[in-house]
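Labels below follow one simple rule: chain letters A, B, ... track the order of the sequence lines, proteins then strands, and each chain is numbered from 1.
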Amino acid sequence: MGKQIRVRFAPSPTGALHIGGARTAYFNWLFARQQKGTFVLRIDDTDRARSTEASYQQILDSLRWLGIGWDEGPDVGGTFGPYRQSERIDVYRTYLEQLKATDHIYPCFCTAEQLQAEREEAQRKGRAPRYSGRCRHIPREEADRRIEAGEAHVYRLRVSEAGETTVRDLIRGDVVFQNSEIDDFIIWKADGTPTYHFASCVDDAAMEISHVIRAEEHLSNTPRHVALFQAFGVEVPLFAHVPMILAPDRSKLSKRHGATSVSEYREAGILPEALVNYLLLLGFSPGEDKEIVSRDEAVQLFQLDRVTKHAAIYDVKKLEWLNAHYFRSQSPDAVVAKLWPTWVESGYVRADEVDRSTIAWIRTVTEFVLSRSRNWTDVMDGVRPYFAKVNTYDAKGVQKQFSGQDVPHRLRLVADRLQTVAPFTTVVIERAFRELIEELQVKGGELIHPTRLALTGMTVGPGLFDVMALLGREASVQRLNAAADLIERGELVNLQK
RNA sequence: GGCCCCAUGGUCAAGCGGUUAAGACACCGCCCUUUCACGGCGGUAACGCGGGUUCGAAUCCCGCUGGGGUCACCA
């Protein structure tokens, strides 16, 4: 009620940003924007061994690319910083001392081997592997003495055995856990560093996080977190555990299922708008049969309590469909700019090209090709015949369009007729071409399809007369005659693709 | 194994006691068309099972089954 809405996304920099993480980040962002709240980016790098600077950079990079910006974070700072757990050890110590003072925690001298053995014992007897509580009642003086003597120890939270703990989850409703199910878990390791659960809760408390929106895998751990917040004596945040994203075989998403990280999709040519749109649809329905939802619209429509409760299986096909939609709606100019370096490299264009008509022509070629493309590969393939010589011909096309007896002859007739066309524009070309069709008394397709194949090596593409206009008279005539030659000499066999 | 979450077509997902059980992707037809893509029209395809409650259950309750998560001095 009137309280500041503060949410956070807290990835550990131990790998690339996963699409599951990206969705969690997006939901946090949407909620913050909609509620006029604050979105905090915190880096949970308490695991120094596995955390890498490269992952850290990549995660920030992926988030920015997706258009998910943060109000407070390691790079931009904020009043609750620092935002990397590795830089917050003093904060954790302070909270540790507080819990010591309030007797919410106690030192435990059990060795890892001892505990391991007990766990196995419990497993064998079919009991839950819980901490026995052996060190719970060691007198204060004895504990102090052993610590003084340098005995290795950890700290555990005293969790009351009676009663129950309720997790207030905005997606699932109240989830109740019996306290007897929760053991005295470790919050501080023997090496003098906090455990993840402790660090995470300290930060959420210290950063005044109001809503913890995170992956479902944390739900089972949440009663422990609630116990910690209560021990701190702070208000327990509200939770929202978003369902997981599963692979097509219902197993956890992993490398063997293909692209799983944001950067991989980026490299594969998926547009950020498409990915973010897809992620929204995976677990949320914007209503009114809407499928295409921009970030701004999503901010309006998003409702945390309408996020689905069950895991979703990701379907690349739908992502690709969404991507095709966004892809085609790009401006040709933007596409030209994006592909320019590649085209220079391929020798399609000159790096220092400034000729107006050439640039206009490139733009038009791109526009025609773009309208029938779903991704960058489609554009690259579709554009090739206009920039480079045709040196391969679609195999099925050759079989179907070049097998007729008089195809070479007809191609030459087309070439000859083109010589008379002026101005060499789409409508004039079409008029001349139609006349030839009339004269030859063939069906349009009989002449059109072989011509397209001769001109571009492909059976698909923009309208034939547009193709010819773009290619220009000289190139068109040359290619038609060249194809006719190849067919007659039977050399096409080696050029099929 | 204990505990927790979940369960509508192949996939995403509407539905919140009475519907011919939406829509989208994918798939299959047809139309448009010189091809492809786009677009339009149509089709195949779902309430996991068993008990209740109710005049009436996809919707509420219980059980089962199935899937997932979690039980570390990992995060």
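- Taking the side chain to side chain donor-acceptor pair (under 3.5 Å) definition, one finds that His449(A) meets it with nothing, sequence neighbours left out.
- The side chain to side chain donor-acceptor pair (under 3.5 Å) search around Asp289(A) returns none, not counting sequence neighbours.
- As judged by a 4.0 angstrom heavy-atom cut-off over every strand, Gly283(A) is placed among residues touching the sugar-phosphate backbone only.
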With the sugar-phosphate defined as primed atoms, P, OP1 and OP2, and the base as all remaining atoms, what B/S/- string results for nucleotides 32-46 of chain B, 5' to 3', for protein heavy atoms under 4.0 Å? --BBBSS--------
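- By the side chain to side chain contact (heavy atoms under 4.5 Å, CB included) test, Phe232(A) pairs with Tyr95(A), Leu99(A), Phe198(A), Cys201(A), Val202(A), Ala205(A), Leu228(A), Phe229(A), Val234(A), sequence neighbours left out.
- Within the 4.0 angstrom heavy-atom criterion, base atoms lie near Val154(A).
- Counting any heavy atom pair closer than 4.0 Å across all strands shown, Asp44(A) reaches sugar-phosphate atoms only and no base atom.
- For Ala10(A), the side chain to side chain contact (heavy atoms under 4.5 Å, CB included) criterion is met by Arg8(A), Arg42(A), Asp44(A), not counting sequence neighbours.
- When the side chain to side chain contact (heavy atoms under 4.5 Å, CB included) test is applied to Asp184(A), the partners found at least two apart in sequence or on another chain are Tyr106(A), Tyr131(A), Arg136(A), Arg156(A), Val159(A).
- Ion pairing between a basic and an acidic side chain is recognised when a charged N comes within 4.0 Å of a carboxylate O; Arg363(A) and Glu367(A) show such pairing.
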Do nucleotides 59-67 of chain B as a string where each nucleotide becomes B, S or -: B if the base has a protein heavy atom under 4.0 Å, S if just the sugar-phosphate does, - if no protein is that close. --------S
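- Scored by the side chain to side chain contact (heavy atoms under 4.5 Å, CB included) test, Asp305(A) finds Gln303(A) as partners (sequence neighbours excluded).
- Backbone-only engagement by Glu217(A) is indicated by non-hydrogen atom pairs under 4.0 Å involving sugar-phosphate atoms exclusively.
- If you take atom P in A72(B) and the same atom in G10(B), they sit 38 Å apart, rounded to whole Å.
- Residue His310(A) places at least one side-chain N or O under 4.0 Å from the OP1 or OP2 atom of A13(B).
- Here His241(A) lies out of heavy-atom contact (under 4.0 Å) with every strand.
- Among the heavy atoms of the strands lying under 4.0 Å from Lys252(A) are primed sugar atoms or P, OP1, OP2 only; no base atom is included.
- OP1 or OP2 of A75(B) sits under 4.0 Å from a side-chain N or O of Lys189(A).
- Glu273(A) pairs by the salt bridge (Lys or Arg N to Asp or Glu O under 4.0 Å) definition with nothing, not counting sequence neighbours.
- The distance between atom CZ of Arg224(A) and atom C1' of A72(B), rounded to the nearest whole Å, is 10 Å.
- Using a 4.0 Å cut-off, no side-chain N or O of Ser220(A) falls inside it from OP1 or OP2 of C71(B).
- Base engagement by Ala190(A) is indicated by at least one non-hydrogen atom pair under 4.0 Å involving a base atom.
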